Amino acid sequence: MSQPTSEPEVLIRIEGRAGRLTLNRPKALNALTLGMVREIWSTLLAWKDDPAIALVILDGTGDRALCAGGDVLSLYESRTEGSGLARTFWREEYRLNALIHRYPKPFVAIMDGIVMGGGIGLSAHAQGGGRIVTDRSMLAMPETGIGLIPDVGGTWLLGRAIGELGIYLGLTGARMNGSDAIQAGFADVHIPHQRRASLVAALTDANGEAVSDILDEVADAAPVPDSPLMALKPEIDRYFAQPSVEAILAELQTTTADWAMKTRADLLQKSPLALKASLAAMRRAPSLGSLEAALNVEFRLCTHLFEAGEFPEGVRALLVDKDKAPKWRPSRIEDVTDGMVEALFAQLLASEEPGLTPPR
Ligand code: QUE
């Protein structure tokens, strides 16, 4: 990926009591590069122990996106040299996701506009009520469409969502609006996007009230609009409670309802191998006990899907050639064996594992 000569990819500054991080690749919908991951990592480490910083605010340049995902194009371009760059990117990205989850100061993420994949990883793990969505929010975990599993802790979030919402969202890559995101456990507070600037001003104000009080007040002031996702929950819970991808597809075929037919058609576009790996990973994640443990498993899955060629083929078809006709291997769900799925979960060499551990 060529570096712009002057524009920094992350704008980093201190405003009042807040450390501010603004993702700054608006033409690429602020897609996350390895350089950005490294900048954010070292800045968060420095701010952790800086008494002048009371909180961190993450947002994005422009009003179209916080972040459309990881910079998968550069990973695609590196494929002829093996999975080294992809592994470096994922290792450092997931480590950052875990740091944000455990950050000792309030971490406020303004999830305005598009927030997918890597953008979710920078936002949705924050604890303490600072995950802000707006009327323009569009969240999704669309990785099965490019031959991957919902990573950046996606299996952890989706596996713990109520009912079968997470299984549905993770397999289909369906979009969430702001209300949906709150219901699925990806966000805390819904505000009209016009309130973004005044919220940031209140948060940065060095003489202002406690961050948690500000967030509580905004949450109370702004009711959460109806969630289309919750309206579908009875159907989702019925169709997606099945034990296998084949059984979910069969269940969706028992009706001619528009939603079920469209959902089935969507699933049939995705990588069969990635679908089965995603279902297994989301179902197993809660029993792993920590975000870090889930990230370690996701790393194995992504590395193996990269090396199997599934992820490069997905990126080629959706983002490079844009023919939307990936040649998945295997091409049919029924040809993906349990052995193929289990092989994706296999440990890597100890020196290649991310080795993330929860704090004790
Ligand atoms: C799945 C993904 C990504 C995606 C589409 C998917 C992803 C990603 C982008 C993306 C979108 C617009 C851009 C850009 C990247 O799309 O991770 O640079 O301008 O970054 O179906 O995982």
Side-chain angles (χ1 to χ4, degrees), residues 1-4 7 9-10 23-37 40 60-79 85-87 89-90 92-94 96-97 111-124 137-155 157-158 168-176 186 265-275 277-278 281-282 295 298-299 301-303 305-306 310-328:
M1 205 61 194
S2 64
Q3 288 280 116
E7 273 295 285
E9 294 184 336
V10 188
L23 308 181
N24 188 41
R25 298 179 67 222
K27 285 175 197 153
L29 299 175
N30 300 324
L32 192 64
T33 66
L34 179 57
M36 292 160 80
V37 168
I40 297 169
T61 297
D63 50 22
R64 289 183 58 211
L66 169 65
C67 174
D71 178 21
V72 290
L73 292 177
S74 66
L75 304 188
Y76 172 81
E77 283 159 12
S78 74
R79 71 197 179 285
L85 177 71
R87 279 183 280 120
F89 179 78
W90 286 323
E92 297 197 27
E93 184 187 32
Y94 297 0
L96 174 59
N97 300 149
M111 303 165 87
D112 195 13
I114 297 163
V115 190
M116 300 196 298
I120 303 259
L122 295 181
S123 313
S137 291
M138 195 290 275
L139 283 74
M141 291 299 289
E143 288 84 357
T144 56
I146 54 169
L148 272 190
I149 54 105
D151 69 337
V152 297
T155 63
L157 292 163
L158 295 164
Y168 164 69
L169 293 166
L171 294 183
T172 63
R175 298 169 166 201
M176 291 174 264
F186 283 65
D266 285 347
L267 286 170
L268 292 172
Q269 300 300 310
K270 313 297 179 187
S271 157
L273 185 59
L275 283 177
S278 298
M282 290 187 284
L295 288 165
E298 291 171 5
F299 184 87
L301 294 170
C302 288
T303 296
L305 285 164
F306 185 103
E310 202 70 345
F311 166 72
E313 173 59 10
V315 174
R316 181 207 64 73
L318 263 65
L319 299 171
V320 178
D321 296 342
K322 304 187 183 182
D323 56 28
K324 297 184 183 158
K327 294 183 182 64
W328 301 126

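The structure displayed is predicted, hence computed values, not measured ones. We count ligands from 1, going down the list as the structure has it; atoms in each ligand are counted the same way.
From L171, atom CG reaches atom NZ of K270 across 10.0 Å, with rounding to the nearest 0.5 Å.
Although no hydrogens or angles enter the test, the distance criterion places no donor-acceptor pair under 3.5 Å between the side chain of D112 and the main chain of D63.
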- Would you check, one step at a time, whether the test side-chain contact (heavy atoms from CB on, under 4.5 Å) holds for I114 with M138? CA-CA 5 Å; I114 297 163; M138 195 290 275; 4.2 Å; yes
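Which of I146, D71, V72, T33 comes nearest to atom 22 (O) of ligand 1 through a heavy atom is settled by distance: it is I146.
With respect to atom 7 (C) of ligand 1, the closest heavy atom belonging to the protein is A68 O, 3.7 Å. Of the protein's heavy atoms, P142 CG, 3.7 Å lies nearest to atom 6 (C) of ligand 1. Of all protein heavy atoms, the one lying nearest to atom 15 (C) of ligand 1 is A31 CB, 4.0 Å. In terms of protein heavy-atom proximity, atom 4 (C) of ligand 1 is closest to L319 CD1, 4.0 Å. With hydrogens left out, the protein atom closest to atom 12 (C) of ligand 1 is L29 CD1, 3.8 Å, a heavy atom. Nearest protein neighbour of atom 13 (C) of ligand 1, counting heavy atoms only, is A28 O, 3.6 Å.
Taking the six-membered ring where tryptophan is involved, the planes of F311 and F306 are tilted, since the angle between them lies from 30° to 60°.
In terms of heavy atoms, L148 sits closest to S278 at O-OG, 4.0 Å.
With W90 as the partner, the side chain to side chain contact (heavy atoms under 4.5 Å, CB included) test is satisfied by one option alone out of D151, L85, V152, L34: D151.
Summarising the local packing, CZ of R175 is surrounded by 12 or fewer heavy atoms from other residues, nucleotides or ligands at distances under 6.0 Å.
Distances from ligand 1 to the non-hydrogen atoms of G70 include at least one value under 4.0 Å. Distances shorter than 4.0 angstrom do not occur between any heavy atom of L73 and any atom of ligand 1.
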